[in-house]
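Structure first, commentary second.
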Amino acid sequence: MISLYQSTNILFSFQSINVFLLFKYVVVFYDFKQIELKWQKFWSSNNIYKVENKSPKPKYYILDMFPYPSGAGLHVGHPLGYIASDIVARYKRHKGFNVLHPQGFDSFGLPAEQYAIQTGKHPQKTTEVNIKRYKEQLDKMGFSFDWSREIRTSKPEYYKWTQWIFISLFESYYDLKKDKAMPITELIEKFKSQGTKNLNAFTNSDVIHFSSEEWNSFKSSKKNKILLDYRLAYISDTEVNWCKDLGTVLANDEIINGVSERGGYKVEKKIMRQWSMRITAYSERLLDGLNDLNWPDSLKEMQRNWIGKSKGASIKFKIKNFNYEIEIFTTRPDTLYGVTFMNLAPEHELILKITDKNKIKNIKKYINLVSTKSERERLADNQIASGIFTGAYAIHPLTSEELPIWISDYVLAGYGTGAVMAVPSGDERDFSFAKKHKIPIKNIFKNIDVSKSAYTQKDGFTLINSGILNDLKFEDAYIKIINHIETLGCGKETVNYKIRDAIFSRQRYWGEPIPIYYVNGLPRPIEKKYLPIELPTVDQYLPTAEGHPPLGNADNWAWDERRKKIVSIKLINNEYIFPMELNTMPGWAGSSWYFYRYMDPNNNEMFVGEEAVNYWKDVDLYIGGSEHATGHLLYSRFWQKFLFDLNILPVSEYARKLINQGMILGSSAFIYRKRGSDKYYSKNKIKKNHVEPIRVDISFVDDSDQLDYVALINNDKNFSKSKFILENGKFIVTREVEKMSKSKFNIVNPDKICNEYGADTLRMYEMFLGPIEQSKPWNTSGITGVHSFIKKFWNLFFSNDVFDVNYNNPSKKSIKVLHQAIKKIDNDINSLSFNTCISAFMICVNKLTNLNCKERSILEPLTILISPFAPHIAEELWSLLGNNNSIVDEKYPVHDDSLLVETEKNYPVSFNGKVKFTLELSLELSNEEIKSIVMNDERTILQLKNRIPKKIIIVSGKIINIVN
RNA sequence: GCGGGUGUGGUGAAAUUGGUAGACACGCUAGACUUAGGAUCUAGUGCUUCACGGCUUGGGGGUUCGAGUCCCUUCACCCGCACCA
């Protein structure tokens, strides 16, 4: 009758008596603590989840974003994504895939170093302690990670390869013709043979032109300087985001709203000699690649915005009385005739060269004022169009009008060329600037009033006062003007990208050392065979007295080129010893390629072996937070494409599908203190105006918001002398939903839930909370529902706490219930809709309980079905059913559609004669009558309408087609 | 300002993608059993009405035999970017 378990049924039938007798008298309660511990031990001691790189099965690689092991430990928000991925991993194993589901630690980073500065404890020590705690917590939740593949970015065996990739970047340039990265040696060959003629190498510096003869006559230092303009990892004087309080530079993505992401400190602009990654060479490919990725639209859009491609023109304006030109970028070359002045960013290099001598003092003052402003202050000033006139004039390339050159901080040095042609009639900012500084506004839009505001739309106008562009609309004017300026040679069509090269140095200790040493101030890579360059020990983690990064504190930190090793810096009296790079790499370096190391974690020859990478290829499903959209997820795509160019990796995108799990928010608790006193008031006793909110640890607060103030007084010194004003004998707090964090005292530790309800309940409950992508506040009020479901499921296998499962043929109803569940859950896991899976389980178990189903042929497949969600209880029941193997090896049950004939549904149907139905009717209709409905024979339909009382019963449960 | 998203009971949420809205769970109400318990079980529970019935997916409009779902419009909230020339 049931086909899916035929083979196992036969196997059981001859040993059934033994099994039955054995279990008949064993009394078992659902003791989740003992069960979960037992199976966690079983899994790890038998290496159940160890995965091999060779298998006849198809591969499936499911990846979580690896955590940074912070001192606070895991809270209930962290596992959300891990639970989802673990369900998929276990499900795919049941489905016959060879599943790679690894985990590791992003173990370099700021917090451990800040902690080291405060306590003197080596970051490595604290990191190790934290990792140990994380692993214990993770294992408690029953994740099926293959720990034999664990990686840590701070281990030398790992960062050896981060350094290796860095050197590869240093030794490469971007060939524009081949549209890929190539060895720098090829560029050198080109320079040798043809100089910069027909140069097709990407750079964002000004190209210095030279012939082959000139190149060959250059000193090697000059050659090296020139090459730095082309290398994909390069050092240069760059304007950086300097964060004084953290003592380091920050990348653009590490700054949120003008302050540092970590700590929220002030950030200012500063010129410093820094390493950068030439990610801009990959702008177009990074943009392009997004189209084929199955990633959330919002995330792809964020990356598109970050790359910020815009089409327009670059135009050169000559400067009166000088031999300089100002190059600008504009997306509106059609408004070229409306230019009435030019505007430069305060950091623009031409300013001091063209400024009037008598104005130079004020100009310098202005520039100084702007540069000392923090990013945030500059943003705050955005309503005020501050600026100053240089005294110089640019020449309009078409009309030869003289255009005053101004400086203003609304022009950003980092975008385009750091200079704009100002068209007050067509741009809001130019308009308000012109108004404020009384610069003329020239209207170029026919019948449009620009006296009050600029007209910024790209349609709905024709041009006037625009020379050759008169009477044209946007599209035509755009094309015509570009042709015109290209013919004149004063401009060309250009594509501009907002994205900047990524600053790669950090003035920090706890990061990967950059494998570079210096000869005459120029960087040289350490040969790859001498990697890793290990992080030296230092006695303090602060910058040196001379202001060098912390690595300057190490006394064994110089490269001996002759001995090919790092030696003590005290020995510098020997010409072969060179200073090492003192900066370290940023946090994103180690995380930009880690997913490949899992494939082959112990390879000493390469960061990933060819065989391993050809087997696993890429990540099938990547789960992690959307906060990494413009950081990790962009940088890692960049490195991926680079390593793909080197033919090391087989694909140019590493994760075809990605989902963002939502955040689980905490519910902070506040109590109110009377100002200047030590009295606290319960929620409804608060007297207005005189209280201030104070956070209290939510472990002292229960679900009904009642504060255990006695425990608080006894456990927290800060409250030992406080007085609490109660209401009805209780003290009530107020709640607020915020991000879970240690500093907000609102962390819920998953260990607590595991102890109270068990890991299986925690896993299912987190999935039951709602769709995986959604953020939601943590709330335990519903957890009993899930817990009692698990107990109900357990009780299906028992009668009066005695294991009781039989071999009888199940009822038709039970079979149907099972098959409905299989179909629904299979479907929902594939669409990652885990919350509806849980509902389906609940319905299924409730129905089977009501049917008093004890038949093995139903319960056994149900156990497999549930095992991805609640693996411990599944294993336990699986073994109680008499199996010796782990349930992970079991095949997933398959549903039979023929058993799922739908129940009859009644739909009220009304006719108005215009509708054509294709129906199967259970009414006694002749073929002719059905045909006439299909043929839209109005008369027959009307007759039918009279014959049918009120309803048509549709047997198939669905109207197949409606044609209007 | 630009981009992305979300609005469904007291609460978290479902809805086979246009086919009986509110599945499942929490909470609540009543009852049962008890060496009172925050245990278990049974029944009820969108709103409204004594009832028959009527109303209901942020608001308004439209397409359709039929709309939570599609289109237009409007409001509210969340997230990301933001002086981007």
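All chains are named by letter (A, B, ...) in the order of the sequence lines, taking the proteins before the strands, and each is independently numbered beginning at 1.
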TODO: Could you list the residues that satisfy ring-ring contact (aromatic ring centres under 6.0 Å, His included) with A/Trp778, not counting sequence neighbours?
DONE: A/Tyr765

Task: Pair A/Phe841 and A/Phe869, ring centroids less than 6.0 Å apart - done: yes

- [ ] Tell me which of A/Thr330 and A/Gln774 sits closer to the 5' end of RNA chain B, going by the nucleotide each one is nearest to.
- [x] A/Gln774

Task: Ring centroid separation A/His628 to A/Tyr635 under 6.0 Å - done: no

Open item on the list: Need one value for A/Phe768: base, sugar-phosphate or nothing, where a base atom within 4.0 Å counts as base even if backbone is also close, heavy atoms only.
Closed with: base

TODO: Just compare B/A85, B/C26, B/C24 and give me whichever is closest to any side-chain atom of A/Thr784.
DONE: B/C26

Task: Residue mapping more 5' on RNA chain B - nearest nucleotide basis, A/Tyr415 or A/Ile838 - done: A/Ile838

Task: Closest nucleotide among B/A14, B/A85, B/C83 to the A/Asp409 side chain - done: B/C83

Open item on the list: A/Lys309: which residues meet the side-chain hydrogen bond (donor to acceptor under 3.5 Å, both in side chains) condition with it, sequence neighbours left out?
Closed with: A/Glu284

- [ ] Take the protein atom CZ of A/Phe841 and the nucleotide atom P of B/A14, then report the distance between them rounded to whole Å.
- [x] 17 Å

Open item on the list: Could you check whether A/Ser833 and A/Thr836, counting side-chain N and O atoms only, form a donor-acceptor pair closer than 3.5 Å?
Closed with: yes

Task: Who pairs with B/C84 - Watson-Crick or G-U, where each distance is under 3.5 Å - done: none

Task: Sugar-phosphate, base or nothing in reach of A/Asn835, heavy atoms under 4.0 Å - done: sugar-phosphate

Open item on the list: If I take atom CD1 in residue A/Ile783 and atom P in nucleotide B/G38, what distance separates them, rounded to the nearest angstrom?
Closed with: 19 Å

Open item on the list: Does A/Asn846 reach a base, just sugar-phosphate, or nothing at all? Heavy atoms under 4.0 Å.
Closed with: sugar-phosphate

Open item on the list: Within residues 295-316 of chain A, which residues have any heavy atom lying less than 4.0 Å from an atom of RNA chain B?
Closed with: A/Ser298, A/Glu301, A/Met302

TODO: Assign B/G9 to syn or anti; the rule is syn for a glycosidic angle within 90° of 0 and anti otherwise.
DONE: syn

